[in-house]
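What follows is a set of notes on a single structure, which appears directly below.
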Amino acid sequence: MNNVVTTHGLTKHYGRIRAVNDLTLDIPEKSVFGILGPNGSGKTTTLGMLLDVINPTSGTYSWFGNFSKKENRQKIGSILETPSFYPYLSALDNLKIIAEIKGIGYENIGEVLKITGLYDRRFSSFRTYSLGMKQRLALASALLCDPLVMILDEPTNGLDPRGIAEIRELIRKIAGQGKTIILASHLLDEVQKVCTHFAVLNKGRLMYSGLVNETHHDELQLEISSDKNSELFTLLKTFPDIKKVEISGEMLVITLPGSYAISDLSRFVFENGFVITHLVAMKKSLESQFLEILNEKA
Amino acid sequence: MKRLIHIELLKIKSNASFWILVSLHIGIILLVVLSGKVFLHSLSINGENISNMVDPDSIPLYQFPDIWHNITYVASFLKFILAIYMIISITSEISYDTLRQNIMNGMSRTDFIISKLFLIVWLALGSALFIFFTGLIIGIISTPDLQFHDMIKYSGFIPAYFLQLTAYLIFALLIGLLIKKTGLAMGLLFLYTLIVEPIIVFRVKTDWIKGLFPNRAINNLIHMPFGKYALREVQDYVAFKEVIIVLVYMALFIYCIYLLLKKRDL
């Protein structure tokens with residue numbers, strides 16, 4: 001598989017602060033690549049360097065094997081932080097400017113406005129838009145050139161739950177068309193729902209880079225609850241295959257080997273005279289994985 | 001290139017501050033130019049003679065060929081209105097983050113500078129053409145004995161006006177880019193133009209050194225014409241040496257703009 005972008009030793013210092021430190025990363029073609037990290041971990045700085053708006057202190061990057069030419073950026077649709085448009089211009093005129101910069105015609109403008117649900121408001125000036133509409137116009141602008149790569153930095157910031165669901169749907173649809181999407185977010189849930197690959201940054205350093213599903217198979221987590229939880233807790237502690245039992249509110253959370261059959265556990269509990277009222281198998285969440293990665297290396 | 005021009009046109013098309021300041025520029029030029037006659041007439045009525053020799057009413061302020069020198073000199077004072085627009089244009093690109101977005105979308109930094117230089121040339125050309133037609137009409141109306149060689153004599157002040165305006169707007173672009181904040185940039189531009197540089201120039205004793213200061217150099221393209229009506233000697237031509245100084249400054253400003261934008265994180 002080819003890489004859309006590779007970086008080598010990318011570094012950015014702001015005075016004594018190392019915003020990004022020696023970052024070497026490959027982003028494969030046709031992936032939905034999540035860049036995770038706490039606030040201030042260097043996600044936006046990294047993307048800013050890849051988009052030529054921040055000058056790296058040292059290190060290099062290359063898009064499509066073609067380095068940092070402006071023609072590369074014309075094939076990338078990007079949103080960095082807040083949507084930036086000319087507030088006194090209409091959505092239509094704003095998109096026309098972007099089309100001119102990208103060297104394409106105006107044919108797609110109507111379509112991207114329809115996709116993002118802004119077609120009826122296309123003549124209103126940008127400053128009259130609500131935050132959600134601004135965010136959607138940014139998405140429309142990123143879609144405008146039928147991009148090979150989309151870079152989305154916190155794309156669901158400030159959106160309501162419906163807007164978030166719509167964006168997620170849109171990202172899946174675009175990824176389904178064989179495009180590469182680079183998604184920076186501190187919302188792990190978001191990344192887990194749409195991404196195929198992810199990287200974790202902390203304090204400007206790359207902590208981890210890999211596939212989203214890769215690390216889940218060795219463990220199984222169950223949430224269980226019965227009529228007598230405290231007795232159940234004592235019982236489960238004696239159950240030989242269980243790695244860990246924890247009380248979490250009204251529930252017990254237990255960790256088993258990945259290959260374990262849930263029916264065996266259920267039978268064991270029932271035979272000991274408990275009635276199960278709640279039993280859910282949980283995929284180990286990206287959040288716990290993420291926190292583990294941060295803790296391991298810290 | 002065509003795309004860069006089109007981009008700038010789209011940006012100004014529905015920009016209120018652009019239309020307000022351009023209208024103001026045109027309106028005030030007309031007002032000032034046309035009030036000259038009224039002013040002289042009132043002097044004449046009050047019986048005041050300049051140098052006790054000349055009747056103010058008979059001064060050929062609006063006649064060919066004097067009109068070209070007079071109108072461009074007066075209009076050059078109003079270049080600050082377009083400079084205000086230039087500062088608004090560049091500082092708002094910075095504060096709205098649209099400069100950054102333009103680069104992200106695939107403009108190079110050089111492209112961005114070129115598009116702003118296009119805007120400057122457009123404004124200067126538009127203003128110079130406006131001055132040209134205003135001068136032409138006023139001249140034709142006011143000159144009793146129209147001679148072609150009178151009409152074109154001194155018309156070299158029109159290109160000089162164009163050059164002057166272009167240079168000053170590039171200076172304003174540089175200040176705007178450097179300072180980033182609209183109000184502060186305007187304040188500093190005027191503080192420098194109207195107070196700091198004149199004071200320094202006043203302290204300097206040697207004439208040719210005075211002419212090396214940027215604003216003085218820009219203003220020197222069109223020397224004050226009115227002295228001649230009081231029978232004083234004035235420079236009624238555009239000096240080649242002074243054009244060269246301004247061209248050097250323009251190149252220097254553009255180079256500074258280029259360096260500033262290239263080094264900066266957006």
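Order of the sequence lines sets the chain letters (A, B, ...), proteins ahead of strands, with each chain counted from 1. As the structure is a prediction and not an experimental result, all values here were calculated from the model.
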Nearest heavy-atom pair of [X] and [Y]: which atoms, and what distance?
X	Y	answer
A:Leu51	B:Met104	CB-CG, 3.8 Å
A:Asp93	B:Ser14	OD2-OG, 4.0 Å
B:Asp265	A:Tyr14	OD2-CE2, 3.8 Å
A:Gln74	B:Gly106	NE2-O, 3.2 Å

Main-chain N/O of [Y] paired with [X] side-chain donor or acceptor, under 3.5 Å:
X	Y	value
A:Asn55	B:Lys263	yes
A:Arg73	B:Ile103	yes
B:Asn105	A:Ile76	no

With rounding to the nearest 0.5 Å, note down the distance linking [atom1] in [X] to [atom2] in [Y].
X	Y	atom1	atom2	answer
B:Asn15	A:Leu89	CG	CG	7.5 Å
B:Gln101	A:Ile97	CD	CD1	11.5 Å
B:Glu93	A:Ser84	CD	OG	11.0 Å
A:Tyr86	B:Tyr96	OH	OH	11.0 Å
B:Met107	A:Ile98	CE	CD1	11.0 Å
B:Arg3	A:Glu100	CZ	CD	5.0 Å

Can you establish whether the number of heavy atoms outside [X] located under 6.0 Å from its atom [atom1] is more than 12?
X	atom1	result
A:Tyr106	OH	yes
B:Phe190	CZ	yes
A:Lys203	NZ	no
A:His8	NE2	no
A:Arg122	CZ	yes

### Task
With a 4.5 angstrom heavy-atom cut-off, could you sort out which part of B:Lys2 is near chain A: side chain, backbone, both or neither?
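B:Lys2 has no heavy atom closer than 4.5 Å to chain A.
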### Task
With a 4.5 angstrom heavy-atom cut-off, could you sort out which part of B:Arg109 is near chain A: side chain, backbone, both or neither?
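Contact with chain A is through the side chain of B:Arg109 alone.
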For [X], is it the side chain, the backbone, both, or neither that has a heavy atom closer than 4.5 Å to a heavy atom of chain B?
X	answer
A:Lys12	side chain
A:Leu80	both
A:Ala99	backbone
A:Phe85	backbone
A:Phe126	neither

### Message
I'd like to know which of B:Asp97, B:Leu4, B:Leu9 tops the heavy-atom pair count under 4.5 Å against chain A.
### Response
B:Asp97
### Task
Count the heavy-atom pairs under 4.5 Å between each of A:Ile104, A:Asn72, A:Asn94 and chain B, then report the option with the highest count.
A:Ile104
### Query
B:Leu266 versus A:Ile54: any side-chain heavy-atom pair under 4.5 Å?
no
